Undergrad: 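The structure is given below, and queries will be raised subsequently.
What you are looking at is a predicted structure, and each value in this text was computed from that prediction instead of being measured.
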Amino acid sequence: MSLYNQFGTDKKVEKEGVILQYGNTADGKPIQIKICRAGGANVAYNKAMEAKTKPYRRQLQNGTLDIEVMTSILREVYADTVVIGWSNVEGADGKPMAFTRENVIKLFTDLPELFADVQDQATNLALFRAEINEQDAKN
């Protein structure tokens, strides 16, 4: 397999996103979060990270930036540029959560393991590889 097949990504999919499935609600509706790639063709992500981390550049270089500050920045950047939609997401009270920036941040604050998984998926090259997406389109 060539390097182009191994590492070539579908720039359109990187920007338009993929759907992550997280089981079903109590009444059987699929819980889905739609994400773009964190990086790559998602230029908005790169710009937002640059802008949000600029005040902390020296701390980042020295490795002294508090982990909570960095996590907060990441949640905001993901809410602004990576998570682009969801369906059937419910709050802790079981009521539907509207897709808003504030609710994305709240969900990721309340459920750090979900946030960690979304981060992993948003940087998972395989989700955005051109070869895989071409094969999916044929099926």
Undergrad: State which residues pass side-chain contact (heavy atoms from CB on, under 4.5 Å) with Ala51; sequence neighbours excluded, sorted by chain then number.
TA: none
Undergrad: Can you tell me which residue pairs pass the side-chain hydrogen bond (donor to acceptor under 3.5 Å, both in side chains) test with a partner in residues 111-125, sequence neighbours excluded?
TA: Tyr22-Asp117
Undergrad: With clusters defined by side-chain heavy atoms of hydrophobic residues (ILVMFWY) lying less than 4.5 Å apart, directly or transitively, does Ile105 cluster with Met97?
TA: no
Undergrad: Taking all heavy atoms of Cys36 and all of Ala122, pick out the closest pair and write down the distance.
TA: O-CB, 3.9 Å
Undergrad: Is Asp10 salt-bridged to Arg129, going by a charged N under 4.0 Å from an acidic O?
TA: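 Looking at Asp10 and Arg129, the cut-off is not met.
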Undergrad: Please determine whether residues Phe99 and Val77 belong to a single hydrophobic cluster, defined as Ile, Leu, Val, Met, Phe, Trp and Tyr linked transitively by side-chain heavy-atom distances below 4.5 Å.
TA: yes
Undergrad: Apply side chain to side chain donor-acceptor pair (under 3.5 Å) to Asn88 and list each qualifying residue two or more places apart in sequence or on a separate chain.
TA: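 Testing Asn88 for side chain to side chain donor-acceptor pair (under 3.5 Å), a comparison that skips the adjacent residues, returns none.
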Undergrad: Could you list who else is in Tyr4's hydrophobic cluster, with ILVMFWY side chains joined at under 4.5 Å, directly or through other members?
TA: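 Tyr4 clusters with nothing; isolated.
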Undergrad: Under the rule for side chain to side chain donor-acceptor pair (under 3.5 Å), what residues qualify as partners of Glu102, not counting sequence neighbours?
TA: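 None.
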Undergrad: Just to verify, what does Tyr56 make a ring pair (Phe, Tyr, Trp, His ring centres under 6.0 Å) with, not counting sequence neighbours?
TA: none
Undergrad: Could you work out, with salt bridge (Lys or Arg N to Asp or Glu O under 4.0 Å) as the rule, every residue matching Lys106, not counting sequence neighbours?
TA: Asp110
Undergrad: Taking all heavy atoms of Leu127 and all of Val18, pick out the closest pair and write down the distance.
TA: O-CG1, 3.9 Å
Undergrad: So, applying side-chain contact (heavy atoms from CB on, under 4.5 Å) with Trp86, which one of Leu107, Ile19, Ile35 is it?
TA: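 When Leu107, Ile19, Ile35 are each tested with Trp86, the side-chain contact (heavy atoms from CB on, under 4.5 Å) holds only for Leu107.
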Undergrad: How close do Asn42 and Arg37 get, heavy atom to heavy atom, and via which atoms?
TA: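 Asn42 and Arg37 have their closest heavy atoms at ND2-O, 2.8 Å.
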Undergrad: What's the shortest heavy-atom distance between Phe7 and Leu125, and which atoms?
TA: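 What the structure gives for the nearest pair is CD2-CD2, 3.5 Å.
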Undergrad: Linking I/L/V/M/F/W/Y whenever any side-chain heavy atoms sit under 4.5 Å apart, do Leu111 and Ile73 land together?
TA: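 Same cluster.
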Undergrad: If a pair satisfies side-chain hydrogen bond (donor to acceptor under 3.5 Å, both in side chains) and one of its residues is in residues 25-36, list it, with sequence neighbours excluded.
TA: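 Output for this query lists Gln21-Gln32, Thr25-Asp27, Gln32-Ser87.
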Undergrad: For Met49 and Thr53, which heavy atoms make the closest approach, and how far apart are they?
TA: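 Distance-wise, the nearest heavy atoms are O-OG1, 2.6 Å.
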Undergrad: State plainly whether one hydrophobic cluster holds both Leu20 and Leu114, where clusters connect Ile, Leu, Val, Met, Phe, Trp and Tyr through side-chain heavy atoms under 4.5 angstrom apart.
TA: yes
Undergrad: Pairs under 3.5 angstrom only: tabulate donor-acceptor contacts from the side chains of residues 63-72 to other protein residues two or more places apart or in another chain.
TA:
{"from": "Asp66", "atom 1": "OD2", "to": "Glu68", "atom 2": "N", "distance (Å)": "3.1"}
{"from": "Asp66", "atom 1": "OD2", "to": "Val69", "atom 2": "N", "distance (Å)": "3.4"}
{"from": "Thr71", "atom 1": "OG1", "to": "Ile67", "atom 2": "O", "distance (Å)": "2.8"}

Undergrad: Do Val83 and Phe108 come within less than 4.5 Å of each other through their side chains, counting heavy atoms only?
TA: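 The answer is yes, as the side chains (C-beta and beyond) meet within the 4.5 Å cut-off.
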Undergrad: Shared ILVMFWY cluster between Ile84 and Phe115, side chains joined below 4.5 angstrom?
TA: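 As far as the 4.5 Å side-chain criterion goes, Phe115 and Ile84 are not connected within one cluster.
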Undergrad: Does Ala92 have any side-chain contact (heavy atoms from CB on, under 4.5 Å) partners at least two apart in sequence or in another chain, and if so, which?
TA: none
Undergrad: Considering only residues two or more places apart or on different chains, which pairs with a residue in residues 43-52 satisfy side-chain hydrogen bond (donor to acceptor under 3.5 Å, both in side chains)?
TA: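 Found Glu50-Arg57, Lys52-Glu76.
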Undergrad: Thr81 and Ala44: which non-hydrogen atoms are nearest, and at how many Å?
TA: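 Looks like CG2-O, 3.6 Å.
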